[in-house]
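Proteins come first, then strands; the chains are lettered A, B, ... in the order of their sequence lines, and each starts at number 1. What you see is a predicted model, and the numbers here were worked out from it, not measured in a lab.
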2 protein chains.
Amino acid sequence: MLSQTAEYALRTVLYLAAAQQTSLHRASEIAEALDIPRNYLSKTLHLLARAGVLTSSRGKNGGFRLAKPASKLTLAEVVAPFDGPTGARICLLGRVACSDSDPCPAHARWKSVSGEVSTFFRETMVGDLLESPVARVKRA
Amino acid sequence: MLSQTAEYALRTVLYLAAAQQTSLHRASEIAEALDIPRNYLSKTLHLLARAGVLTSSRGKNGGFRLAKPASKLTLAEVVAPFDGPTGARICLLGRVACSDSDPCPAHARWKSVSGEVSTFFRETMVGDLLESPVARVKRA
DNA sequence: CTAAATTATCATGACAAGATGATATTTACA
DNA sequence: TGTAAATATCATCTTGTCATGATAATTTAG
């Protein structure tokens with residue numbers, strides 16, 4: 001469903017939301033905590049910063065933190081820089097133009113399903129996920 | 001949502017379902033009708049045949065046709081050889097073990113959404129899509 | 001002002017998906 | 001029996017994603 005990179009982004013944001021949201025966290029700290037390749041994560045963090053999801057500070061004692069409260073950050077915002085509009089993935093059959101007025105054979109049935117996926121990403125806040133009993137992201 | 005190859009497979013099956021289901025259709029005929037690369041489609045057709053979705057006949061006057069009625073063929077069957085269990089894509093955060101008893105932070109919320117996607121592919125029949133007003137697959 | 005720490009950026013490589021082209025194999029029909 | 005038509009199979013090529021490693025730029029601390 002999500003690309004590897006988008007998954008890294010989401011896990012990173014959850015990590016930052018669960019930790020001290022106001023303090024800075026180094027890329028190497030995050031990479032080690034989440035078991036994500038260090039150098040690759042650097043680029044992902046940079047893109048998240050450019051997208052306005054994180055703010056970065058360079059130099060000694062630098063690092064990353066959330067640009068806004070987790071309760072106001074949607075999953076769609078986190079994932080969009082990597083996977084584009086998630087779930088909104090238009091036509092199941094790959095037609096460039098597929099709409100209510102010019103539908104592909106799968107349009108009517110697929111529309112409601114993909115709409116739910118899209119809604120999930122647009123309306124679920126990062127903060128919502130922290131309410132779960134186990135917020136820690138455990139890896140294999 | 002679907003890989004390019006799975007999309008080819010789905011469009012091919014819809015084409016065969018809309019056409020004479022009992023007669024054979026050549027790979028080149030399908031490729032031209034659906035604007036899919038000829039040689040690449042050959043392999044996709046072969047895999048669909050091996051998966052039991054199509055039957056193939058070699059030699060002169062050979063070709064492909066559906067192995068069973070479109071009304072008894074699920075979208076999941078068509079797509080599975082390429083994308084695996086679609087929508088059933090387990091954990092949004094990529095955890096290998098993620099279940100009701102050992103959930104990731106997103107589990108509860110994501111479960112219902114991914115379940116709907118999975119259900120769509122498992123319960124929608126190829127034949128269902130033919131009832132649409134415009135069954136022809138128009139490409140850009 | 002210098003050095004260390006840290007992000008930013010660049011260059012490259014590994015790998016899979018998608019695509020292309022050529023060859024082998026099978027079958028029908030003249 | 002031979003030839004043409006069609007699928008089956010094999011060998012590459014291209015491209016994008018994921019990943020690795022090295023270097024530049026920036027900032028703080030002493």
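- Considering every non-hydrogen atom in both Arg95(B) and Pro103(B), the closest pair reads NH1-O, 3.4 Å.
- Put simply, His46(A) has a side-chain N or O that comes within less than 4.0 Å of OP1 or OP2 on dT9(C).
- Distances shorter than 4.0 Å separate none of the side-chain N or O atoms of Ser42(A) from OP1 or OP2 on dA8(C).
- When the shell of 6.0 Å around NZ of Lys72(B) is examined, it contains 12 or fewer heavy atoms from other residues, nucleotides or ligands.
- Leu41(A) has its CG atom 16 Å from the C1' atom of dT17(D), to the nearest Å.
- Computed from coordinates, the Leu48(A) CG to dT7(C) C1' distance equals 14 Å when rounded to whole Å.
- The line from OG of Ser56(B) to CZ of Arg50(B) is 11.5 Å long, rounded to the nearest 0.5 Å.
- When the C1' atom of dG18(C) is taken as reference, atom CG of Leu2(B) falls 15 Å away, rounded to whole Å.
- Arg38(B) has its CZ atom 8 Å from the C1' atom of dT7(D), to the nearest Å.
- Residue Tyr8(B) has a polar side-chain atom (N or O) positioned under 4.0 Å from OP1 or OP2 of dA19(C).
- Not a single donor-acceptor pair under 3.5 Å links the side chain of Arg109(A) to the backbone N or O of Thr124(B).
- Put simply, CD1 on Ile30(B) and CG on Leu54(B) are 7.5 Å apart, with the number rounded to the nearest 0.5 Å.
- Pairing each heavy atom of Leu24(B) with each of Asn61(B), the nearest pair is CD1-O, 3.5 Å.
- When the C1' atom of dA6(D) is taken as reference, atom CZ of Arg65(B) falls 16 Å away, rounded to whole Å.
- With a 4.5 Å cut-off on side-chain heavy atoms, Thr119(B) and Val113(A) do not count as touching.
- No side-chain heavy atom of Thr5(A) sits less than 4.5 Å from a side-chain heavy atom of Lys43(A).
- Atom CG in Leu24(A) sits roughly 17 Å away from atom P in dA5(C) (whole-Å rounding).
- Applying the 3.5 Å distance criterion, the base of dT7(C) shares no donor-acceptor pair with the side chain of Lys43(A).
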Can you give me the N/O atom pairs linking the protein to nucleotides 15-17 of chain C at distances under 3.5 Å, or say none if there are none?
none

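- Between the P atom of dT7(D) and the CZ atom of Arg26(B) lies a distance of 7 Å, rounded to the nearest Å.
- Heavy atoms from other residues, nucleotides or ligands lying under 6.0 Å from CD of Gln21(B) number more than 12.
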Look for any protein N or O under 3.5 Å of an N or O in nucleotides 22-29 of chain D and output each such pair with its distance, or none.
residue: dA25(D); atom: N3; partner: Arg58(A); partner atom: NH2; Å: 3.4
residue: dT26(D); atom: O4'; partner: Arg58(A); partner atom: NH2; Å: 3.4
residue: dT27(D); atom: O2; partner: Lys60(A); partner atom: N; Å: 3.2
residue: dT28(D); atom: O3'; partner: Asn61(A); partner atom: ND2; Å: 3.3

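- Taking atom CD on Glu7(A) and atom P on dT17(D), their separation rounds to 16 Å, with Å as the unit.
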